[in-house]
Amino acid sequence: MAAKQRSAGDLAAKLSVAISPELLELALTHRSFAYENGGVANNERLEFLGDSILGQAVTVMLYTEHPTLDEGELAKRRASLVSSVALAEIARGIGLGAYIRLGRGEELTGGRDKSSILADTVEAIIGAAYLSVGSDAATGLVLRLIQPLLDDPARFGAAMDPKTSLQELAAKLGRGAPSYVLTDSGPDHSKRFHAVVVLDGESVASGAGSSKKYAEMAAALEAWTRLQVAATA
């Protein structure tokens, strides 16, 4: 059964940012909803804006707080924090999926938990925050959103390189080396990839993305999370 969409007003309170209700609604509008509702505006332009703001905020934070790191390490950390895998983890942490406006097709196929949709919506919300309350407040929102990753060294490491982290954890637990089963869907110009992680012949997690690499990364992080939880239960 499809999940019920929650009020955008609740999300604004959770984010502690006075985002314009109209812009927040736009930020939460996936293209599937727009298509099924007469071609109303969707969140892709806000996503474009938010991506730039996110990158700048993370770059300045890393440069300021890690004066001894060289350019290569700074770039690696930035890439991990702004990746679709990391943004999807952030989105799940705030329950973002429950607020997204989806078309019926996406709703019925688990769109509220698709990493690509979650990550894109996070960026759109950052863009909406910038337009509503300005650069400083939007930067503050970015830093609050990424803080849970920074506070959890294990999760931060997994988000930086989920496939390696999964391989190391699986070996530690005696589960063998992970393998990935890849499928794709959609037209060539807008193809989506889906990856399933297999351990000991068992499918343990899946993920989706705009490329094979991102699909495998999303699946690996999900598998790492599940193994980590099971190992510490």
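A quick note: this is a predicted structure, and the numbers were derived from the prediction, not measured.
Each of L15, I90, V17 was compared with R144 under the side chain to side chain contact (heavy atoms under 4.5 Å, CB included) criterion, and only V17 meets it.
Residues L81 and L54 are not in side-chain contact: their nearest non-hydrogen atoms beyond the backbone lie 4.5 Å or more apart. Contact of the L87 side chain with the L145 side chain is not registered, since no non-hydrogen atoms from C-beta on lie closer than 4.5 Å. The closest side-chain heavy-atom distance from Y180 to K212 is not below 4.5 Å.
Once rounded to the nearest 0.5 Å, the distance linking CD1 of I53 with CG of L131 reads 7.0 Å. One finds the CG atom of L118 at 9.5 Å from the CD atom of E89 (value rounded to the nearest 0.5 Å). One finds the CD atom of E222 at 7.0 Å from the CG atom of D113 (value rounded to the nearest 0.5 Å). Atom CD of residue Q228 and atom OG of residue S165 lie 9.5 Å apart, to the nearest 0.5 angstrom. If you take CG on L24 and OG on S20, they are separated by 8.0 Å, rounding to the nearest 0.5 Å. Distance check: E107 CD to T109 OG1 gives 9.0 Å after rounding to the nearest 0.5 Å.
Of all non-hydrogen atoms in G111 and L102, the two that sit nearest each other are C-CD1, 3.8 Å. The heavy-atom pair separating A27 from T121 by the smallest distance is O-CG2, 3.7 Å. Scanning both residues, Y99 and I94, for their nearest heavy atoms gives CE1-O, 4.4 Å. In terms of heavy atoms, L182 sits closest to A215 at CD2-CB, 4.3 Å. What you find for V82 and G55 is that their closest heavy atoms are CG1-CA, 4.4 Å. Taking each heavy atom of A41 and A34 in turn, the nearest pair found is O-CB, 4.1 Å.
E47 and N43 share no side-chain donor-acceptor pair at under 3.5 Å.
Under the 4.5 Å side-chain heavy-atom criterion for Ile, Leu, Val, Met, Phe, Trp and Tyr, V60 and L69 are members of distinct hydrophobic clusters. Hydrophobic clustering of Ile, Leu, Val, Met, Phe, Trp and Tyr side chains at less than 4.5 Å, counting indirect connections, keeps F48 apart from I126. Under a hydrophobic-cluster definition in which Ile, Leu, Val, Met, Phe, Trp and Tyr are linked whenever side-chain heavy atoms come within less than 4.5 Å, directly or via other members, L141 and V133 are assigned to the same cluster. By the rule that hydrophobic residues join a cluster once side-chain heavy atoms approach within less than 4.5 Å of another member, L96 and L143 end up as members of one cluster. Following chains of ILVMFWY side-chain contacts shorter than 4.5 Å, one cannot reach M217 starting from V181, and the two form parts of different hydrophobic clusters.
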Point to revise | S206 vs H194, side-chain contact (heavy atoms from CB on, under 4.5 Å): CA-CA, chis, key distance, verdict | key: CA-CA 7 Å; S206 63; H194 183 80; 3.6 Å; yes

Practice item. Evaluate salt bridge (Lys or Arg N to Asp or Glu O under 4.0 Å) for R77 paired with E73, printing each intermediate quantity in order. Key: CA-CA 6 Å; R77 295 194 179 203; E73 184 62 25; 3.2 Å; yes

Practice item. Test D184 against R192 for side-chain contact (heavy atoms from CB on, under 4.5 Å), laying out the working first. Key: CA-CA 6 Å; D184 60 71; R192 302 296 302 170; over 6 Å; no

Practice item. Evaluate the criterion side-chain contact (heavy atoms from CB on, under 4.5 Å) for residue pair L49 and Y130; output intermediate values, then yes/no. Key: CA-CA 9 Å; L49 176 62; Y130 175 85; 4.1 Å; yes

Exercise for review: Let me see the working for H30 and N42 under side-chain contact (heavy atoms from CB on, under 4.5 Å), right down to the final yes or no.
Suggested key: CA-CA 6 Å; H30 186 254; N42 63 48; over 6 Å; no

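Applying the side-chain hydrogen bond (donor to acceptor under 3.5 Å, both in side chains) rule to T59 yields the partners R78; only residues at least two apart in sequence or on another chain are considered. Annotation: side-chain hydrogen bond (donor to acceptor under 3.5 Å, both in side chains) contacts of T29 (sequence neighbours excluded): R101. In this structure, the side-chain contact (heavy atoms from CB on, under 4.5 Å) partners of E65, at least two apart in sequence or on a different chain, are M61. Here E106 pairs with K114 under the side-chain hydrogen bond (donor to acceptor under 3.5 Å, both in side chains) rule; sequence neighbours left out. Contacts of S115 classified as side-chain contact (heavy atoms from CB on, under 4.5 Å), with partners at least two apart in sequence or in another chain: A88, R92, A218. For E44, the side-chain hydrogen bond (donor to acceptor under 3.5 Å, both in side chains) criterion is met by R31, not counting sequence neighbours.
Judged purely by atom type and a 3.5 angstrom limit, D200 has no side-chain atom pairing as donor or acceptor with the backbone of E202. Between the side chain of R226 and the backbone N or O of V204 there is at least one donor-acceptor pair closer than 3.5 Å. Side-chain atoms of H66 never come within 3.5 Å of backbone atoms of T68 as a donor-acceptor pair (strictly under, hydrogens ignored). Side-chain atoms of S132 never come within 3.5 Å of backbone atoms of I19 as a donor-acceptor pair (strictly under, hydrogens ignored). Side-chain atoms of R175 never come within 3.5 Å of backbone atoms of A170 as a donor-acceptor pair (strictly under, hydrogens ignored).
The number of heavy atoms from other shown groups lying within 6.0 Å of CZ (F193) is above 12. The local environment of CG in D136 is sparse, with at most 12 non-hydrogen atoms from other residues, nucleotides or ligands closer than 6.0 Å. For K76, the NZ atom sits in a loose shell: 12 or fewer heavy atoms of surrounding residues, nucleotides or ligands are nearer than 6.0 Å.
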